[in-house]
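Here's the structure we're looking at; comments come further down.
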Amino acid sequence: MLNHDDRDEHSDIAYKSLIGSPAIDFAARSTLGEVRLSALAGRWILLFCHPADFTPVCTSEFVALAREQDKFAEMDVQLLGLSVDSVYSHMGWIEWIETEFDLTVKFPVIEDVSMDIARAYGMIDAHSDTTSTVRACMFIDPAQKVQALIHYPMHIGRSVDELLRVQRALIDTYQTKKVAPANWKPGDAFMQSAADAVSGGTKGWLQRVMQPVKKS
């Protein structure tokens, strides 16, 4: 619970989860030309913000993502990188990564010099002057709604395996009554939702919901 001082200090901050909300459309320059979010409707999108180009942790993340980008492509997921840096900085950084690590970064990296996109998606604090406070990931469904988000602090790099796990679970449970239990990983069985289990009667519903259902 916030004390009175905390409430006063943060009274102008809206605490609202974006999960289930329509994705905010935008058009912006990127390393692969202009990107308009609404033009990608019908596909899953993973929009992720990084603090800055040419930094060690961010570079390690982009190398890891580039090495696994084909796995996202196999799920028809569009990767979209974003930071406050200019598109020219992005291009120089990507070129350096591709040369040094002998790989190709196939996904666009968006320029957000004004930080309008990052702010709109709650990727950074509304009063921040830089994107250096957080590494945010937004999972957007084919109907352009935010289905999940993950935030990391500046000093902790993302787990690409976890991003792949969450993305696979979201795709496999999209518009179904399946749910993914703790430590679920691709290939594991799903479980019934609580609502689905209760529909069979309230007696023993928890036992039923704890019984995994096989992936169809």
Contact check, side chains of Pro142 and Tyr174, non-hydrogen atoms, under 4.5 Å
yes
Under a 4.0 Å threshold between the charged nitrogen and the carboxylate oxygen, would Arg165 count as salt-bridged to Asp161?
no
Rounded to the nearest 0.5 Å, how far does OG1 of Thr55 lie from NE2 of His50?
6.5 Å
More than 12 heavy atoms of other groups within 6.0 Å of Met75 CE:
yes
Mind listing the closest non-hydrogen atom pair of Ser30 and Val35 along with its distance?
OG-CG2, 3.5 Å
Drop me the distance from Met138's CE to Leu149's CG, to the nearest 0.5 angstrom.
5.0 Å
Work out which heavy atom in Met154 is nearest to a heavy atom in Pro51; give both atom names and the distance.
CG-CG, 4.2 Å
Show the numbers, then the answer: is there a side chain to side chain contact (heavy atoms under 4.5 Å, CB included) between Leu163 and Arg158?
CA-CA 8 Å; Leu163 298 182; Arg158 283 172 274 239; 4.2 Å; yes
Are Val160 and Ile171 connected, step by step, through hydrophobic side chains (Ile, Leu, Val, Met, Phe, Trp, Tyr) whose heavy atoms are closer than 4.5 Å?
yes
For Pro108 and Gln78, which heavy atoms make the closest approach, and how far apart are they?
CD-NE2, 3.4 Å
What is the minimum heavy-atom distance between Val113 and Ser86, and which atoms define it?
CG2-CA, 4.1 Å
Take a 6.0 Å sphere around CD of Glu95 and say whether it holds more than 12 heavy atoms from other residues, nucleotides or ligands.
no
Are the side chain of Asp112 and the backbone of Ala118 linked by a donor-acceptor contact shorter than 3.5 Å?
yes
Indicate, with yes or no, if the rings of Trp184 and Phe190 have centres closer together than 6.0 Å.
yes
Establish whether Ile24 and Ile19 are linked, either directly or via other cluster members, by ILVMFWY side-chain heavy-atom contacts under 4.5 Å.
yes
Value for CD1 (Ile45) from CD (Gln144), rounded to nearest 0.5 Å, stands at 5.0 Å
Should Met123 and Leu37 be counted in the same cluster of Ile, Leu, Val, Met, Phe, Trp and Tyr side chains packed under 4.5 Å apart?
yes
Find out whether Glu61 and Tyr152 are in side-chain contact, i.e. whether some heavy atom of one side chain is under 4.5 Å from a heavy atom of the other.
no
So does Ala120 get a backbone contact from the side chain of Asp116, meaning a donor-acceptor N/O pair under 3.5 Å?
no
Quick check: do Val57 and Arg135 have side-chain heavy atoms less than 4.5 Å from each other?
yes
Step by step, would you call Leu46 with Leu80 a side chain to side chain contact (heavy atoms under 4.5 Å, CB included)?
CA-CA 6 Å; Leu46 176 51; Leu80 293 179; over 6 Å; no
Does Ser83 reach the side chain of Val109, with side-chain heavy atoms less than 4.5 Å apart?
no
Is there a side-chain contact between Arg36 and Asp25 in this structure, where contact means two heavy atoms from C-beta onward sitting under 4.5 Å apart?
yes
Quick check, are the ring centers of Phe72 and Trp44 under 6.0 angstrom apart?
no
State the CG-NZ distance between Leu79 and Lys106, to the nearest 0.5 angstrom.
11.0 Å
Residues at least two apart in sequence or cross-chain that pass salt bridge (charged side-chain N to carboxylate O under 4.0 Å, His left out) with Lys185, listed by chain then number, are Asp188
Does the pair Val166 and Ile150 meet the rule for a side chain to side chain contact (heavy atoms under 4.5 Å, CB included), with working shown?
CA-CA 10 Å; Val166 172; Ile150 305 175; 4.3 Å; yes
Following the transitive rule for hydrophobic clusters with a side-chain heavy-atom cut-off under 4.5 Å over Ile, Leu, Val, Met, Phe, Trp and Tyr, establish whether Leu65 and Met91 coincide in one cluster.
no
Tell me, do Lys145 and Ile140 make a side-chain contact under 4.5 Å, heavy atoms counted?
no
Is Leu32 linked to Leu82 within one hydrophobic cluster, defined over Ile, Leu, Val, Met, Phe, Trp and Tyr using a side-chain heavy-atom separation of less than 4.5 Å?
no
With sequence neighbours left out, write down each residue that passes side-chain hydrogen bond (donor to acceptor under 3.5 Å, both in side chains) with Gln147, or none if nothing qualifies.
Asp141
Could you walk me through whether Thr59 and Trp93 pass side-chain hydrogen bond (donor to acceptor under 3.5 Å, both in side chains), step by step?
CA-CA 9 Å; Thr59 300; Trp93 182 44; 3.0 Å; yes
What is the distance from atom CD of Gln167 to atom CD of Glu162, rounded to the nearest 0.5 Å?
11.5 Å
Hey, what do you get for CD1 (Ile97) to CG (Asp53), rounding to the nearest 0.5 Å?
8.0 Å
Taking the side chain from Asp76 and the backbone from Arg43, do they hold a donor-acceptor pair closer than 3.5 Å?
no
If the threshold is 4.0 Å, N to carboxylate O, is there a salt bridge linking Lys71 and Glu68?
yes
Non-neighbouring partners of Phe48 that pass ring-ring contact (aromatic ring centres under 6.0 Å, His included), sequence neighbours left out
Phe62, Phe107
Does atom CZ of Phe54 have more than 12 heavy-atom neighbours from other groups under 6.0 Å away?
yes
Given the rule in the side chain to side chain contact (heavy atoms under 4.5 Å, CB included) test, do Cys137 and Leu47 qualify, once you have shown the distances and angles that lead to the verdict?
CA-CA 6 Å; Cys137 307; Leu47 173 65; over 6 Å; no
